[in-house]
J.: 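What follows is a structure written as structure tokens; I'll ask about it next.
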Amino acid sequence: MQKNDTAVRITDEAVTRLRERIGAVRRTREEPTLEEATKDAIRIWARAIGDLNPLWTDEEYSSATRYGGIIAQPSMLYGFSLQAIGDRSGLPGVHSFFAGADHEWYLPVRRNDSISVTMSLSDVVELRRRSGGRMIKQVSEVEFVNQHQEVVARTWPWGLRMERQRSSTNGSTSTLTPATYPPEEIERISDQYAQEPTLIRGSTPRYWEDVRVGDTIGPLIRGPWTATTSIGFLRAYGGQFLKSHGYWFDFLRRHPRAGVLNGQGIPEGPSRGHWDSEFARSIGVPAAYDLGPERIGWFCTLATYWCGDDGWLQRLRVEVRRFNLEGDLTTLSGVVTAKGIDDGTHTVECDLRAVDQRGEATATATATIALPSATTGKDEDLSMEREGVIRRAD
């Protein structure tokens, strides 16, 4: 067990052992968070990220689309297994932060699909840290395969491992003050949420020919982010340290450095920092903070609202620049930067941003979105489900 102010050092030997695992499939004894994309699981994920698109939740609506039924929101990849965030093992007691990921989607996750997740470490890089102490970037490759042995998606997530020091703080958040809101501001936010359904393109095709470079996407708001928001997301996302009673103590016996002693002398997992501001401050963050995959979900919402049911989010690269803190209000927006035709598929490239109430970008993203063409018609299949393109697991 560790006290909150215990400094855990990253040694050269530990980094060497970590690098020795590059390329090997990472096996885990952890149960998957979810194995089947049931109707309820798909709905719970959509609700957790605030996505209103009926394609994910309305059987009657979705049955009239090209998919013939409910499919999962693209970011639900993170709801199946904690391996989706990549390999964060190998440095016991060293805190881990999700920092971003590249994504490629080939097939939709359909209602009742069974999804298996395979992950391997692909790179280990040491980075400079402005506040002192060592910082390691771990990059992984993750593959998501359905019950037909079809690869539905691949991702390349990366995380940062930082020496935990009570005296040091995350340089990008240490000077920030959690936001407060007067009643009139809360009313304005409520009015913005009331207008969110107008962002959903839905069954009206957005044809490639009608899009121009410079067209804007959004804006979409999320927040103000609270402890309740965090728990709502964790309900769908799960967590390695979200264990109770004997399950938690069994985990501690196998991973004794995973527990951090709280003020009552009880070992808890570091996930508590996602809803408890006092605990977050003990690891150098000024308030409770979000999980990176939540913002990936928001970017997916922004993109799929815009492209409509007949579009397809092919690729998304997200860089998480810093945490969202308790009280932060995020505005997501984007702009079309390029158009092209790739092997007969009409695509657009987009730059996306997530900006907080301070005007600071907390995450940036680039997206490739396939759109129907007015020439070929909206019935064109834009996913990788076309014959000869389906990827099979090895």
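Just the heavy atoms: all of them, side chains too, but no hydrogens, waters or symmetry mates, feed the values below.
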J.: Decide salt bridge (charged side-chain N to carboxylate O under 4.0 Å, His left out) for Lys39 and Glu59; before the verdict, give the C-alpha distance in whole Å, the side-chain angles of both, and the deciding distance to 0.1 Å.
T.: CA-CA 9 Å; Lys39 175 185 175 182; Glu59 289 184 271; 2.7 Å; yes
J.: Testing the 3.5 Å rule here: is there a donor-acceptor pair between the side chains of Thr301 and Asp51?
T.: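 Side-chain D/A pair, Thr301 to Asp51: present.
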J.: Can you see which heavy atom on Arg206 is nearest to which on Pro372, and at what distance?
T.: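 Nearest heavy atoms, Arg206 then Pro372: O-CD, 3.5 Å.
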J.: Quick check on Arg235: does its CZ atom have over 12 non-hydrogen neighbours (other residues, nucleotides or ligands) under 6.0 Å away?
T.: no
J.: Once rounded to the nearest 0.5 Å, what's the spacing between atom NE2 of His346 and atom OG1 of Thr375?
T.: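 Atom-to-atom, His346:NE2 and Thr375:OG1 are 6.0 Å apart.
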J.: Taking Trp158 as the starting point, is it possible to reach Leu18 by hopping between hydrophobic residues whose side chains are less than 4.5 Å apart?
T.: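 In one cluster: no.
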J.: How many angstroms lie between CD in Gln240 and CG in Leu82, if you round to the nearest 0.5 Å?
T.: 6.5 Å
J.: Excluding sequence neighbours, so at least two apart, what forms side chain to side chain donor-acceptor pair (under 3.5 Å) with Asp309?
T.: Tyr61
J.: In terms of ring plane angle, is the pair Phe323 and Tyr289 parallel, tilted or perpendicular, where the classes change at 30° and 60°?
T.: tilted
J.: Who are the salt bridge (Lys or Arg N to Asp or Glu O under 4.0 Å) partners of Asp210, not counting sequence neighbours?
T.: none
J.: Do Arg358 and Asp328 sit within salt-bridge range, that is, some charged N less than 4.0 Å from a carboxylate O?
T.: yes
J.: Angle between ring planes, Tyr67 versus Trp312, binned at 30° and 60°: parallel, tilted or perpendicular?
T.: tilted
J.: Are Arg322 and Glu360 close enough, and set up right, to give a salt bridge (charged side-chain N to carboxylate O under 4.0 Å, His left out), and what steps lead you there?
T.: CA-CA 10 Å; Arg322 68 162 178 77; Glu360 298 180 10; 3.7 Å; yes
J.: Quick check for you: to the nearest 0.5 Å, what is the distance between Ile70 atom CD1 and Asp58 atom CG?
T.: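 Spacing of CD1 (Ile70) from CG (Asp58) equals 7.5 Å.
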J.: Residues in salt bridge (Lys or Arg N to Asp or Glu O under 4.0 Å) with Arg253, at least two apart?
T.: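 Partners of Arg253 by the salt bridge (Lys or Arg N to Asp or Glu O under 4.0 Å) criterion, ordered by chain and then number, come out as Asp250.
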J.: Relative to the ring of Tyr237, is the ring of Phe233 parallel (under 30°), tilted (30 to 60°) or perpendicular (over 60°)?
T.: parallel
J.: Applying the 4.5 Å side-chain criterion to the ILVMFWY set and letting contacts propagate, would Leu291 and Val142 be lumped into a single cluster?
T.: yes
J.: Do Leu55 and Ile44 sit in one hydrophobic cluster, given that two such residues count as connected whenever their side-chain heavy atoms are within less than 4.5 Å of each other, even indirectly?
T.: no
J.: Do Asp87 and Met119 make a side-chain contact, defined as non-hydrogen atoms from C-beta onward lying under 4.5 Å apart?
T.: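 Result yes, sub-4.5 Å side-chain heavy-atom pair found.
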J.: Measure centre to centre between the rings of His103 and Tyr78, then say whether the value is under 6.0 Å.
T.: yes
